[in-house]
**Student:** 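Have a look at this one.
Order of the sequence lines fixes the chain letters, A, B, ..., with proteins taken first and strands second; residue numbering starts at 1 for each chain.
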Amino acid sequence: MLDELNAAQKEAAIHIDGPMLILAGAGSGKTKTLTTRLAYLIGEVGIDPINTLTLTFTNKAANEMRQRALNLIGTKNLNTMPLLCTFHKFGLLFLKLHINKLNRNNNFNIIDTDDKKALLKKIMKELDIDLPLSFVASEISTYKNILLDPQEIKQKAEIDEYKKVAKIYENYQNNLLENNLVDFDDLLALPYQILSQDEKLRIQTSQKYQYIMVDEYQDTNELQFKLLELLASEHQNICVVGDDDQSIYGWRGANIKNILDFNKHYPNAKVVKLQINYRSTQEILDAANKLIEHNRNRLGKKLISHKGNGDKIEIFHSLDESFEANTIAHKIKELLNRGTAPNEIAVLYRINALSRSLEEGFNKANLAYKLVGGIRFYERAEIKDIISYLRVISNKNDDFSLLRIINKPKRGIGPSSVQKLITLAKEKNLSLFNTLKLEETQALLSKKAYTQIQDFIAKIELLEKEKEDLNTLIELFNEHIPLKEYYANMNDGFERILNIDEFYGYFKERTLQEKLSLEQFLSDIALESDQDNLTQNAINIMSIHASKGLEFEHVFIIGLEEEFFPLLGDGCDIEEERRLAYVAFTRAKNNLYLSYVDSRFYRGKRQKVQKSRFLEESGVLKGSLKQDKKASFKRGDLVKHKIFGIGRVQEVNKSGKNYKLKINFGGMKKEILSSFVEPV
DNA sequence: TGGGTCACGGTTTTT
DNA sequence: CCGTGACCCA
């Protein structure tokens with residue numbers, strides 16, 4: 001199995017004990033190296049698969065690696081299976097076994113980002129606090145990532161704003177506990193908490209996972225780093241793979257320092273660099289290399305193509321976004337006529353808003369495309385409704401889920417009725433479901449609402465009886481809960497009903513094939529996103545983030561303009577923007593096309609835009625820097641003129657489209673147009 | 001309670 | 001420009 005690898009890949013694959021950092025540039029065979037190492041450990045060295053742990057960020061990556069590793073080893077020879085999963089799935093599995101150490105029951109539910117936001121919103125309303133929701137949500141996430149509980153945050157908070165957040169955090173945590181919910185951060189934070197408190201369990205767990213591998217290490221956050229530290233504490237057999245130049249998730253907590261400082265944390269770490277790129281032509285890699293060299297915060301490496309030079313990068317300059325879309329559509333048609341498969345073409349952009357003009361242009365040109373990303377299947381309201389029903393059927397005391405569906409379809413229970421029910425439930429110290437069964441509720445609800453609620457209770461209990469036979473359960477569900485009718489009346493009802501049917505089909509298939517219980521199915525899908533979105537015969541259009549890990553023969557990047565890409569504004573990190581461009585460039589196998597416009601229509605306004613600095617930094621457009629600097633001379637700047645030499649700017653005046661500078665060249669004063677001098 | 005209207009605000013996304 | 005959510009009235 002090692003014959004397939006190059007020297008550096010092989011060196012990494014056969015390293016057995018001790019920490020190792022594999023710096024794997026884009027397209028350098030990262031997955032191949034990692035899977036071969038796993039196969040080597042199991043198939044050649046003789047490590048029991050059960051003693052390995054391989055962690056990834058996405059289910060897709062986990063599945064792909066599992067398949068490839070098992071192919072190398074041959075499943076026939078295995079008695080146990082290696083654990084290969086996402087960080088969060090690992091957290092889930094761990095908590096199912098050990099959350100009782102925190103005095104919690106392991107029938108907890110996982111809430112997603114939307115649920116979290118909805119809960120926070122409710123809490124903020126109750127507390128009468130008005131802060132931006134996204135700010136509160138990310139603050140709380142940060143707190144969990146640095147492992148501070150509400151009490152500690154309360155003590156630390158000095159500014160009023162943060163005291164308020166601390167209050168919300170406290171309420172939020174209580175709410176999660178009351179409903180036995182965990183959020184995505186908890187899936188990492190709680191295992192860490194348990195492992196750091198329980199010495200014996202820590203040793204036992206670390207000894208179980210003798211060989212740990214981590215994919216996309218540049219995207220790990222603080223908590224993942226610390227968790228890994230505990231897991232590897234007994235043996236330090238931790239092998240991480242990543243590319244510091246492809247760290248593009250800083251805004252959601254990824255800490256690039258984890259990869260930059262890996263040697264400091266593990267001084268005896270072996271470092272292997274994979275720099276031979278099997279994906280792209282040298283022409284593309286030169287641009288990517290040149291661009292990324294403008295970053296300071298990096299370990300430094302240079303990609304060398306295995307494929308040779310290839311075609312020049314093409315630049316499209318258009319008047320506005322509709323011309324841009326036309327130009328690209330035209331070029332794509334040319335490619336298709338030459339026999340290029342549509343799924344070998346991708347159009348990438350920095351922000352999703354740019355997809356609209358593209359879609360319009362493609363529709364006009366009759367080009368079939370597939371928009372990757374957007375609203376995810378499990379985040380659609382209709383799907384979350386069914387899941388909430390299933391959660392209530394699985395656990396009738398799940399108030400959180402019950403509240404979502406109590407009035408879906410409409411049963412005459414509005415916000416004020418709900419409030420009354422909650423008050424009563426608190427008074428009686430009962431779950432909402434049990435409260436609904438009380439005599440007293442009759443007085444709280446209208447006659448119609450009360451009858452419908454009794455009907456609702458009866459149906460849930462009826463469905464509950466079928467928990468063992470999930471095929472029947474979902475059939476009965478469809479029959480008794482008229483969700484389809486509820487959604488049919490909406491303007492996008494048709495699509496929603498299709499989604500509902502798709503879910504039913506998926507539910508039957510998964511539970512039957514994998515013999516899952518209702519509980520297992522529910523916790524599994526909480527950590528699943530849409531699987532592989534790419535289709536066979538359409539052009540893919542998507543954000544650059546969504547393109548990570550993918551590759552295409554032809555890649556178009558649109559919107560290469562200042563303020564669109566790089567995206568400027570507060571909280572922006574120019575180096576991360578550059579890494580994003582690096583990721584985008586390196587998706588291309590053979591041809592890269594870069595596009596910019598003079599003006600763009602955005603948020604209801606047309607605005608003039610400047611071409612992106614990345615075009616010049618990557619060396620694909622020469623001299624744009626000089627032009628852009630035209631306006632940026634100010635009094636006191638030193639400048640250089642071809643004839644007069646070096647002088648100092650005394651005055652800047654506008655002269656039509658240009659700037660006229662009054663410059664003092666060693667006592668000789670001249671008025672010169674700004675384009676004739678260069679900054680010194 | 002539920003349908004309708006108006007003001008507002010708006011990166012990137014996986015789990 | 002377009003989607004979401006607050007607010008108002010039947």
**Student:** Output the rounded distance in Å from CE (A:M542) to P (B:dT14).
**Tutor:**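 After rounding, the gap between these two atoms is 11 Å.
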**Student:** Would you mind reading off the distance between A:N63 atom CG and B:dT15 atom C1', rounded to a whole angstrom?
**Tutor:**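 So the two atoms are 14 Å apart, to the nearest Å.
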**Student:** Do the side-chain N or O atoms of A:S446 get closer than 4.0 angstrom to the phosphate oxygens (OP1, OP2) of B:dT1?
**Tutor:**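 It does not, given that no N or O in the side chain of A:S446 lies less than 4.0 Å from OP1 or OP2 of B:dT1.
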**Student:** For A:N407, report the nucleic acid contact type (base, sugar-phosphate, nothing); a contact means any heavy atom under 4.0 Å.
**Tutor:**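 Since only primed, P, OP1 and OP2 atoms lie under 4.0 Å of A:N407, the category is sugar-phosphate.
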**Student:** When A:F108 is tested against each of A:D186, A:N395, A:L181, A:I99 for side-chain contact (heavy atoms from CB on, under 4.5 Å), which residue passes?
**Tutor:**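 The option that passes is A:I99.
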**Student:** Would you call the rings of A:F503 and A:F521 parallel, tilted or perpendicular, where under 30° means parallel and over 60° means perpendicular?
**Tutor:**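 Judged by the thresholds at 30° and 60°, the geometry between A:F503 and A:F521 is perpendicular.
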**Student:** For A:Y486, does the OH atom sit with more than 12 other heavy atoms under 6.0 Å from it, leaving out its own atoms?
**Tutor:**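 Counting other residues, nucleotides and ligands, OH of A:Y486 exceeds 12 neighbours.
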**Student:** With the sugar-phosphate defined as primed atoms, P, OP1 and OP2, and the base as all remaining atoms, what B/S/- string results for nucleotides 4-10 of chain C, 5' to 3', for protein heavy atoms under 4.0 Å?
**Tutor:** -SS----
**Student:** Report, as a single string ordered 5' to 3', how protein heavy atoms within less than 4.0 Å touch nucleotides 4-12 of chain B: B base, S sugar-phosphate only, - not at all.
**Tutor:** ------BBB
**Student:** Regarding A:D183 and A:Y172, is there a side-chain donor-to-acceptor distance under 3.5 Å anywhere?
**Tutor:**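 Yes, side-chain donor-acceptor contact under 3.5 Å.
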**Student:** Using a 4.0 Å heavy-atom cut-off across all strands, classify A:F601 as base, sugar-phosphate, or nothing.
**Tutor:**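 Sugar-phosphate contact only - A:F601 comes under 4.0 Å of backbone atoms but never of a base.
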**Student:** Determine the sole option in A:K608, A:K611, A:R600, A:R613 for which the salt bridge (charged side-chain N to carboxylate O under 4.0 Å, His left out) test with A:E562 is passed.
**Tutor:**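 The passing option is A:R613.
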**Student:** With the 90 degree cut-off around zero defining syn, does B:dT12 come out syn or anti?
**Tutor:**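 In terms of base orientation relative to the sugar, B:dT12 is anti.
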**Student:** Which is true for A:T113 with a 4.0 Å heavy-atom rule: it touches a base, it touches only sugar-phosphate, or it touches nothing?
**Tutor:**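 Base contact.
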**Student:** How would you label the contact of A:F57 with the nucleic acid (heavy atoms, under 4.0 Å): base, sugar-phosphate, or nothing?
**Tutor:**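 It contacts sugar-phosphate atoms only.
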**Student:** How close or far is atom C1' of B:dT14 from atom CG of A:D183, stated in whole angstroms?
**Tutor:**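 About 14 Å, once rounded to whole Å.
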**Student:** So A:Y143 and A:Y169, would you call those rings parallel, tilted or perpendicular, with 30° and 60° as cut-offs?
**Tutor:**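 Geometry flag for A:Y169 against A:Y143: tilted rings.
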**Student:** Indicate whether any N or O donor in one side chain lies under 3.5 Å from an N or O acceptor in the other, for A:E216 and A:Q218.
**Tutor:**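 The answer is yes; a qualifying pair exists.
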**Student:** If I take atom CD in residue A:Q218 and atom C1' in nucleotide B:dT14, what distance separates them, rounded to the nearest angstrom?
**Tutor:**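 Nearest whole value for this atom pair: 14 Å.
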**Student:** How close or far is atom P of B:dT1 from atom NZ of A:K410, stated in whole angstroms?
**Tutor:**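 That distance rounds to 11 Å.
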**Student:** Given 3.5 Å as the limit, does a donor-acceptor pair link the side chain of A:D245 with the main chain of A:R298, or not?
**Tutor:**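 No, because the side chain of A:D245 does not come within donor-acceptor range (under 3.5 Å) of the backbone of A:R298.
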**Student:** Quickly work out the A:L550 CG to B:dT13 P distance and round it to whole Å.
**Tutor:**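 Going from A:L550 (CG) to B:dT13 (P), I get 13 Å.
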**Student:** For A:E216 and B:dT15, give me the distance from atom CD to atom P, rounded to whole Å.
**Tutor:**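 Nearest whole value for this atom pair: 11 Å.
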**Student:** Which of these passes ring pair (Phe, Tyr, Trp, His ring centres under 6.0 Å) with A:F87: A:F225, A:Y217, A:F57?
**Tutor:**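 Looking at A:F225, A:Y217, A:F57, the match for A:F87 under the ring pair (Phe, Tyr, Trp, His ring centres under 6.0 Å) is A:F57.
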**Student:** Report the distance from atom CG of A:L93 to atom C1' of B:dT15, rounded to the nearest whole Å.
**Tutor:**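 From A:L93 CG to B:dT15 C1': 14 Å.
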**Student:** Mind checking if A:K605 touches a base, just sugar-phosphate, or nothing, with heavy atoms under 4.0 Å?
**Tutor:**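 Touches nothing.
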**Student:** Do the side chains of A:D385 and A:R496 get close enough for a salt bridge, i.e. N-O under 4.0 angstrom?
**Tutor:**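 A salt bridge is absent here (no side-chain N lies under 4.0 Å from a carboxylate O).
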